[in-house]
Structure formats: structure tokens, C-alpha cells
Amino acid sequence: MKKIAVFTSGGDAPGMNACVRAVVRTALSMGVEEVIGIKRGYAGMIAGDFVDLKSHSVSNIIQKGGTILMSARSKEFRTKEGREKAAAQLRQHGIEGVVAIGGDGTFTGAKIFTGEQSIPFIGVPGTIDNDIYGTDYTIGYDTALNTAMEAIDKIKDTANAHDRLFFVEVMGRDAGFIAMRTGIATGAEAVLIPESKTNIDDLVETLKGNHEQKKNSSIVVVAEGDDAGGAFDIARQVQERFDGYEIRVTILGHVQRGGRPTCADRVLASRLGVAAVEELLAGKHSTMVGMVNNQIQLTPFGQAIKHHQDINQQLMKMVEILS
Ligand code: F6P
């Protein structure tokens with residue numbers, strides 16, 4: 001292949017830039033003559049919003065959050081006409097292969113696209129949610145965990161000072177990985193996640209028990225997609241049944257998506273970026289490169305999006321024992 005493209009899509013994740021850098025430099029070092037950056041994900045692919053990426057174009061970005069290529073969630077790419085426009089743009093620009101950095105939505109789009117068109121795609125898992133099968137960790141997850149953990153540590157200080165109960169909502173529309181890990185790391189009293197049914201009465205019993213044991217503050221970490229509602233709603237339901245604590249709610253929101261990537265995310269992003277180009281040039285397509293037990297592993301798009309990783313039930317149990 002003499003000309004390939006790379007893009008970032010869906011929710012941005014810290015480390016995406018490190019991955020773009022690795023893709024560009026690996027490709028150029030392996031004899032690819034041109035690397036094209038597609039701006040704004042699939043939306044930019046449809047619009048032909050392409051930039052030439054040289055080795056120097058990706059200097060000084062490894063430490064930066066966000067994505068220099070920008071990102072988007074494209075409605076038009078969900079239509080056949082949109083995908084045909086995108087394919088025409090790629091062909092017109094002589095692009096022979098594409099590296100797609102993103103999560104569930106990105107690979108769903110890539111799977112449909114590569115089923116219709118003969119342009120090879122390789123995926124790299126980049127999302128703070130860690131909800132992709134075929135990799136132990138996704139790019140951005142570690143940074144988001146550390147951001148949320150630091151924020152909750154701070155909330156604990158003020159919760160203690162005022163003898164309060166805090167509900168802290170973290171990201172994860174469909175997945176509780178961020179909630180589970182940050183809950184363990186901050187010693188939360190309870191963690192509420194979409195993967196397991198939330199029982200408000202049981203939660204109230206736990207909180208009452210803690211209160212009786214003279215715990216003077218409590219933290220409940222809530223994944224945004226929890227079945228019992230958002231943190232405000234759950235806080236209201238708890239307050240109606242138990243008034244032992246004064247309650248406050250914090251929504252961490254998009255602060256979790258930004259910031260400088262951690263060392264773990266930069267190294268993961270670099271390794272996956274290198275592997276993506278190697279596999280693309282070796283003729284692989286419609287597959288995602290992941291890291292499993294510290295080894296590169298390939299997983300077809302269909303499997304990566306279909307079989308979400310499972311939440312480790314032992315971790316759930318641990319929260320109960322340690323709280
Ligand atoms: O990137 C994944 C994610 O951060 C989810 O955890 C969250 O639900 C969603 O994106 C938010 O997306 P948006 O920024 O489009 O509102």
C-alpha cells in the first residue's frame with residue numbers, strides 16, 4: 001500500500017493522539033508514501049475533509065488529550081448513501097487502507113462499510129468506556145479512571161468535613177467499568193452499574209448500616225447508565241427513605257474525557273497504532289487490534305462490538321466486603 005488514511009471517531013479519548021502519531025510514523029517507516037488524516041470521523045470522510053500527515057505533523061502530540069483529527073458521531077454514515085459518498089471520497093483520493101480509532105459506534109460503522117465496500121479497514125479501540133471485546137483495556141480508559149479517582153478523592157475530603165453522603169456520577173452509558181474501578185480505588189460504599197440491577201432498598205440498608213457504624217461520610221459511585229436512574233434521581237429516592245445523612249450530588253461528566261493521557265494510555269496507544277499498520281500492510285482487514293495479556297490480538301469487528309467485556313463479579317463482591 002502506498003497511501004493509507006487514519007481517523008478518530010465517536011467520543012474522543014486521551015491517547016488518541018499518541019495512536020495517530022504511531023500510525024503515521026510506522027506507516028512512513030514501512031514504505032507507505034502518503035498518510036492522510038481524515039478530520040471529524042465518518043462525517044469528514046463523507047465530506048472529503050482530508051489532510052496530509054507528515055512525520056512532523058504528529059510531533060509534540062503524544063502528551064495531548066483530545067484528538068488533533070477531531071471527532072464526530074455521524075448520522076449520515078448510518079445511511080447507505082452516506083457510506084457510498086465516503087467510499088467515493090476514499091477512492092478519489094487513492095486511499096488503499098484505513099485505520100479507524102474509536103469504540104463501539106466506530107466499529108459498527110466500519111463493519112457495515114467493509115461489508116459493502118472492498119476498502120480494507122483495521123480498528124484500534126479508543127474509548128474511555130473500556131466496553132470493547134478483544135482487548136483488556138481501551139485507549140483512554142486509564143486516564144479517565146485516574147481523572148475520576150482524583151475528583152472523588154477530593155469529594156471525600158469535603159464529604160468527611162461535613163458528614164455527608166455524596167452520589168458521584170461517572171461516565172458509562174452502557175458500561176460500568178469506570179464506576180467499578182473508581183469505586184474500588186476510592187473506597188466507595190457502593191457502586192451502581194448498568195450491568196447489575198440496582199435495588200434502592202438494599203442500598204439504603206447498606207448506607208444505614210454504615211451510618212450506625214459511625215462512618216461520618218459515604219460515597220456512592222453511579223454509572224450514568226444505571227437502571228435506577230441518574231445520580232440525582234437515585235439520591236432523591238434514597239433521601240425519601242433515609243435521612244441520616246445530608247446528601248449532595250456531583251456529576252463528573254466530560255471532565256473525564258479530557259486531559260493528558262497517562263503513561264499506560266500513551267504506551268498502549270503507541271503499541272496498538274504500530275500493530276494496526278503492520279496488520280493492514282500484511283493484508284488484514286475488518287478486524288480490530290487489541291491487547292490481551294500484554295500480547296497483540298486480532299478480533300473481527302463483529303465480535304468486538306457484539307460481545308461486550310463482562311464486569312468481573314469478584315470485583316462487585318469486593319466493593320461489598322471492603323466498604
Ligand atoms: O465516549 C464514551 C462516552 O464518554 C460515554 O461514556 C458517554 O455516555 C458518551 O460518550 C457521551 O457522549 P457525548 O459526548 O456525545 O455526549
Side-chain angles (χ1 to χ4, degrees), residues 7-20 39-44 64-78 100-110 123-135 137-152 167-183 191-196 198 221-234 249-262 265 268-269 272 288 290 301 304-305 308-311:
F7 70 98
T8 53
S9 166
D12 58 295
M16 279 182 162
N17 283 327
C19 189
V20 170
K39 306 286 290 281
R40 297 179 294 110
Y42 290 120
K64 291 192 174 136
T67 157
I68 59 159
L69 294 178
M70 303 176 68
S71 194
R73 302 187 197 273
S74 167
K75 283 204 181 109
E76 197 180 354
F77 196 78
R78 293 189 194 160
I101 307 168
D104 205 66
T106 306
F107 300 150
T108 303
V124 182
T127 161
I128 64 164
D129 289 342
N130 204 41
D131 58 346
I132 298 288
Y133 178 82
T135 191
Y137 300 111
T138 54
I139 297 168
Y141 176 55
D142 187 64
T143 308
L145 288 178
N146 281 287
T147 301
M149 181 186 74
E150 282 173 24
I152 299 171
F167 287 83
V168 184
E169 186 177 295
V170 297
M171 274 189 162
R173 213 165 14 206
D174 309 306
F177 294 100
I178 297 178
M180 181 55 68
R181 285 232 161 200
T182 52
V191 175
L192 310 181
I193 55 173
E195 292 86 345
S196 76
T198 296
V221 179
V222 182
E224 73 177 305
D226 187 66
D227 57 290
F232 276 105
D233 200 22
I234 294 172
V249 176
T250 304
I251 312 277
L252 294 185
H254 286 79
V255 72
Q256 295 159 94
R257 281 237 297 257
R260 301 166 68 225
T262 57
D265 270 331
L268 176 69
L272 293 180
M288 181 195 86
F301 285 143
I305 53 179
H308 272 197
Q309 278 203 67
D310 288 331
I311 286 274

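Read the numbers this way: they start at 1 and go in the same order the structure lists the ligands and their atoms. Reckoned from all heavy atoms, side chains included, excluding hydrogens, waters and symmetry mates. Quantities reported herein were computed from a predicted structural model and do not represent experimental measurements.
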(request) Say whether Met171, considering both its backbone and side-chain N or O atoms, lies within less than 3.5 Å of an N or O atom on ligand 1. (result) no
(request) Tell me which protein heavy atom sits closest to atom 11 (C) of ligand 1, plus the residue, atom name and distance to 0.1 Å. (result) Arg257 NH1, 3.5 Å
(request) Would you mind checking which non-hydrogen protein atom is closest to atom 14 (O) of ligand 1, with the distance to 0.1 Å? (result) His254 NE2, 2.8 Å
(request) Give the numbers and elements of all ligand 1 atoms closer than 4.0 Å to a heavy atom of Arg173. (result) 8 (O), 9 (C)
(request) Below 4.0 angstrom from a heavy atom of Gly11, which ligand 1 atoms are there? Numbered from 1 as shown, please. (result) 1 (O)
(message) Do Tyr141 and Ile178 have side chains that approach each other closer than 4.5 Å (heavy atoms only, starting at C-beta)?
(response) yes
(message) Quick check: closest heavy atoms across Asp142 and Thr262, and the distance to 0.1 Å?
(response) OD2-OG1, 2.6 Å
(message) What's the separation between atom OG1 in Thr138 and atom CG in Leu268, rounded to the nearest 0.5 Å?
(response) 8.0 Å
(message) Using a 6.0 Å cut-off, check whether atom CE of Met149 has over 12 heavy atoms from anything other than its own residue.
(response) yes
(request) Starting from atom 7 (C) of ligand 1, locate the nearest protein heavy atom and write down its residue, its atom name and how far away it is, to 0.1 Å. (result) Glu224 OE2, 3.1 Å
(message) Does only the side chain of Arg73 get under 4.0 Å from ligand 1, or the backbone, or both, or neither? Count heavy atoms.
(response) side chain
(request) Write out the residue and atom name of the closest protein heavy atom to atom 6 (O) of ligand 1, then the distance separating them to 0.1 Å. (result) Asp129 OD1, 2.7 Å
(request) Could you label the plane-to-plane angle of the Phe77 and Tyr42 rings as parallel, tilted or perpendicular, counting under 30° as parallel and over 60° as perpendicular? (result) parallel
(request) Check ligand 1 against Gly172 and write out every atom of the ligand that is under 4.0 Å from a heavy-atom position of the residue. (result) 6 (O)
(request) Please examine the side chains of Thr127 and Asp104, heavy atoms only from C-beta on, and report whether any two atoms are closer than 4.5 Å. (result) no
(message) If I apply the N/O under 3.5 Å rule, does Thr127 come out as touching ligand 1?
(response) no
(message) Quick one, Asp265 with Thr143, criterion side-chain hydrogen bond (donor to acceptor under 3.5 Å, both in side chains). Give me CA distance, side-chain angles, the key distance, then yes/no.
(response) CA-CA 7 Å; Asp265 270 331; Thr143 308; 2.5 Å; yes
